[in-house]
Amino acid sequence: MSRKKDRIEKLLKILKANPSIYINRLRQFMQCSISTLRRDLLVLEKNGLIERSFGAVRLLNKNNIEYTWTYRSSQNANLKRVLCRKASKLISNNDAIFIDSSTTCIYLINYLADRSRVKIITNNLKVASIAQSKLNLDVFLTGGAVRNLSQSIVGTEAIEFLQQFSTLYAFISCSSLDAKGLYMADLMQTQTKQMMISHTQKVVALVDHTKFLKEHNFIKMCPLDAIDYLITDQKIKDPKLAKALEQNQVKVIYS
């Protein structure tokens, strides 16, 4: 990881602990020059993670922002592996599948060693990089604009590329889930996932219990009836969500 990415990750962790902080205080935490700090803050600001005003920095609502790949991949990594191990049992030889740009679904590749000629279509650089090293997998990567912090490819080119395929499964994750649907923090990421959903036979959502919310998140990706399977790690405690999943004929699989 580059020094810049290291600093960005450190900045996000500090801001998570101090959602509103003066720049001078932040500089003390970061132990870097003010010019370097300002350049890094500009990166976060351009990605919609923070806002600056009157010498202070404020972290935007965590439910409405897209964190970096490295930060997200470090959150609940063991849970993500468990979900992917269970999800991999759905995949057979020669299947064509979408894998989204979430840090959850990347682990799916690790459990396909005994499958052959599985075709993976993705918009994530990390997913494609790992999958292309496996001789038993065929990899298709979208074109489009690369978002360095999330390692994903988005935009018109990515969406048009995905339109060319029809798969058996789409493996997706989300920022949050409630009785009304699945939600994301970024519009362009949402659009690529929606295209995957519309061009597959079965949608498999991998969502750990920390993402179950009673109130909706920022951008609605899809209603519950758009997904066929929900793979999660704990029994659903919210009766409203449990009822909604049953009414929409979503098969819940516990890892």
- Go through the steps to decide whether Arg81 and Tyr107 satisfy the test side chain to side chain contact (heavy atoms under 4.5 Å, CB included), and finish with yes or no. CA-CA 6 Å; Arg81 291 187 182 95; Tyr107 296 106; 3.7 Å; yes

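- Using a cut-off of 4.0 Å between Lys/Arg side-chain N and Asp/Glu carboxylate O, Asp186 and Arg147 are scored as salt-bridged.
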- Message: Show, in sequence, the C-alpha distance, side-chain angles and deciding distance for Thr36 and Arg39, and conclude whether the side chain to side chain donor-acceptor pair (under 3.5 Å) test is met.
- Response: CA-CA 5 Å; Thr36 297; Arg39 285 195 298 270; 3.2 Å; yes

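- Contact record, Ala179 with Leu224: O-CD1, 3.3 Å, taken as the closest heavy-atom pair.
- At distances below 3.5 Å, not a single donor-acceptor pair connects side-chain atoms of Asp95 with backbone N or O atoms of Tyr169.
- Interatomic distance, Leu182 CG to Gln194 CD, rounded to the nearest 0.5 Å: 11.0 Å.
- Counting only heavy atoms from C-beta outward, the side chains of Leu11 and Leu37 approach each other to under 4.5 Å.
- To the nearest 0.5 Å, atom SG of residue Cys174 and atom CE of residue Met184 are 7.5 Å apart.
- When every heavy atom of Leu125 is checked against every heavy atom of Val146, the shortest pair comes out as CD1-CG1, 3.6 Å.
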- Using the side chain to side chain contact (heavy atoms under 4.5 Å, CB included) rule, take Ile34 and Ile23 through it: C-alpha gap first, then chi angles, then the decisive distance, then the call. CA-CA 9 Å; Ile34 191 65; Ile23 290 179; 3.6 Å; yes

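- Taking hydrophobic clusters as Ile, Leu, Val, Met, Phe, Trp and Tyr residues chained together by side-chain heavy-atom distances below 4.5 Å, Ile109 shares a cluster with Leu168.
- Panel note: side chain Gln31, backbone Gln28; no donor-acceptor pair is recorded below 3.5 Å.
- The shortest distance between side-chain heavy atoms of Asp138 and Arg117 falls below 4.5 Å.
- Placement of Val203 and Leu241 within a single hydrophobic cluster is found when ILVMFWY residues are connected by side-chain heavy-atom separations under 4.5 Å, directly or transitively.
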- Would you sort out whether Asp228 and Lys251 count as a salt bridge (charged side-chain N to carboxylate O under 4.0 Å, His left out), showing the intermediate values? CA-CA 6 Å; Asp228 299 280; Lys251 183 176 181 180; over 6 Å; no

- Task: Step by step, work out the side chain to side chain donor-acceptor pair (under 3.5 Å) result for Asn24 and Arg27.
- Result: CA-CA 5 Å; Asn24 286 337; Arg27 182 188 173 193; 5.4 Å; no

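- By the rule that hydrophobic residues join a cluster once side-chain heavy atoms approach within less than 4.5 Å of another member, Val127 and Leu90 end up as members of one cluster.
- Under the 4.5 Å side-chain criterion, counting only non-hydrogen atoms from C-beta, Asn248 is not in contact with Ile227.
- Within a 6.0 Å sphere centred on CZ of Arg38, other residues, nucleotides and ligands contribute 12 heavy atoms or fewer.
- Here the CG-CD1 distance, from Leu59 to Ile14, works out to 12.0 Å after rounding to the nearest 0.5 Å.
- Within 6.0 Å of atom CD in Glu51, more than 12 heavy atoms from other residues, nucleotides or ligands are found, so the atom counts as buried in its surroundings.
- Judged purely by atom type and a 3.5 angstrom limit, Asp40 has no side-chain atom pairing as donor or acceptor with the backbone of Ile8.
- The side chain to side chain contact (heavy atoms under 4.5 Å, CB included) test with Tyr254 singles out one residue from Leu230, Ile236, Asp233, and that residue is Ile236.
- Looking only at distances, a side-chain donor or acceptor of Arg115 sits under 3.5 Å from a matching main-chain atom of Ser88.
- The two atoms that bring Met195 and Leu162 nearest to each other are CG-CB, 3.6 Å, heavy atoms only.
- Leu141 and Ile130 are members of different hydrophobic clusters when ILVMFWY side chains are connected at heavy-atom separations under 4.5 Å.
- A distance of 9.0 Å separates CE of Met221 from OG of Ser176, quoted to the nearest 0.5 Å.
- Two residues are said to be in side-chain contact when any heavy atoms from C-beta on lie closer than 4.5 Å; Ile21 and Phe29 meet this criterion.
- Between atom CD1 of residue Ile121 and atom CG of residue Asp100 there is a gap of 13.0 Å, rounded to the nearest 0.5 Å.
- In summary, the side chains of Thr122 and Asn124 do not present any donor paired with an acceptor at a separation below 3.5 Å, with no hydrogens or angles considered.
- Annotation for Ser101 and Ser152: closest pair CB-CB, 3.7 Å, computed over non-hydrogen atoms.
- In Gln164, the CD atom is crowded: over 12 heavy atoms of neighbouring residues, nucleotides or ligands sit closer than 6.0 Å.
- Cluster membership check: Val154 does not share its hydrophobic cluster with Phe161, using side-chain heavy-atom separations under 4.5 Å among Ile, Leu, Val, Met, Phe, Trp and Tyr.
- Between Gln189 and Asn123 there is a side-chain heavy-atom pair separated by less than 4.5 Å.
- Smallest separation of non-hydrogen atoms from Thr200 and Ala170: OG1-N, 3.3 Å.
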- Query: Would Ser173 and Lys80 satisfy side chain to side chain donor-acceptor pair (under 3.5 Å), going step by step from the backbone distance to the final call?
  - Reply: CA-CA 10 Å; Ser173 191; Lys80 294 172 182 177; over 6 Å; no

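- For the pair Thr167 and Lys119, the minimum side-chain heavy-atom distance is 4.5 Å or more.
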- Message: Go through it in stages, so that I can follow the logic: the residues are Ile91 and Leu108, the test is side chain to side chain contact (heavy atoms under 4.5 Å, CB included), and I'd like the CA-CA distance, side-chain angles, deciding distance and then a yes or no.
- Response: CA-CA 10 Å; Ile91 302 170; Leu108 189 60; 4.0 Å; yes

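- Contact check for Leu26 versus Leu41: side-chain heavy atoms found under the 4.5 Å cut-off.
- Between atom CG of residue Asn110 and atom CZ of residue Arg85 there is a gap of 10.0 Å, rounded to the nearest 0.5 Å.
- Between Ile97 and Phe171, the shortest heavy-atom distance links the atoms CG2-CE1, 3.9 Å.
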- Apply side chain to side chain contact (heavy atoms under 4.5 Å, CB included) to the pair Lys89 and Ile253, showing each step before the final yes or no. CA-CA 11 Å; Lys89 298 183 184 301; Ile253 300 175; over 6 Å; no

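- Side chains of Leu44 and Leu15 form a contact here, defined as non-hydrogen atoms less than 4.5 Å apart.
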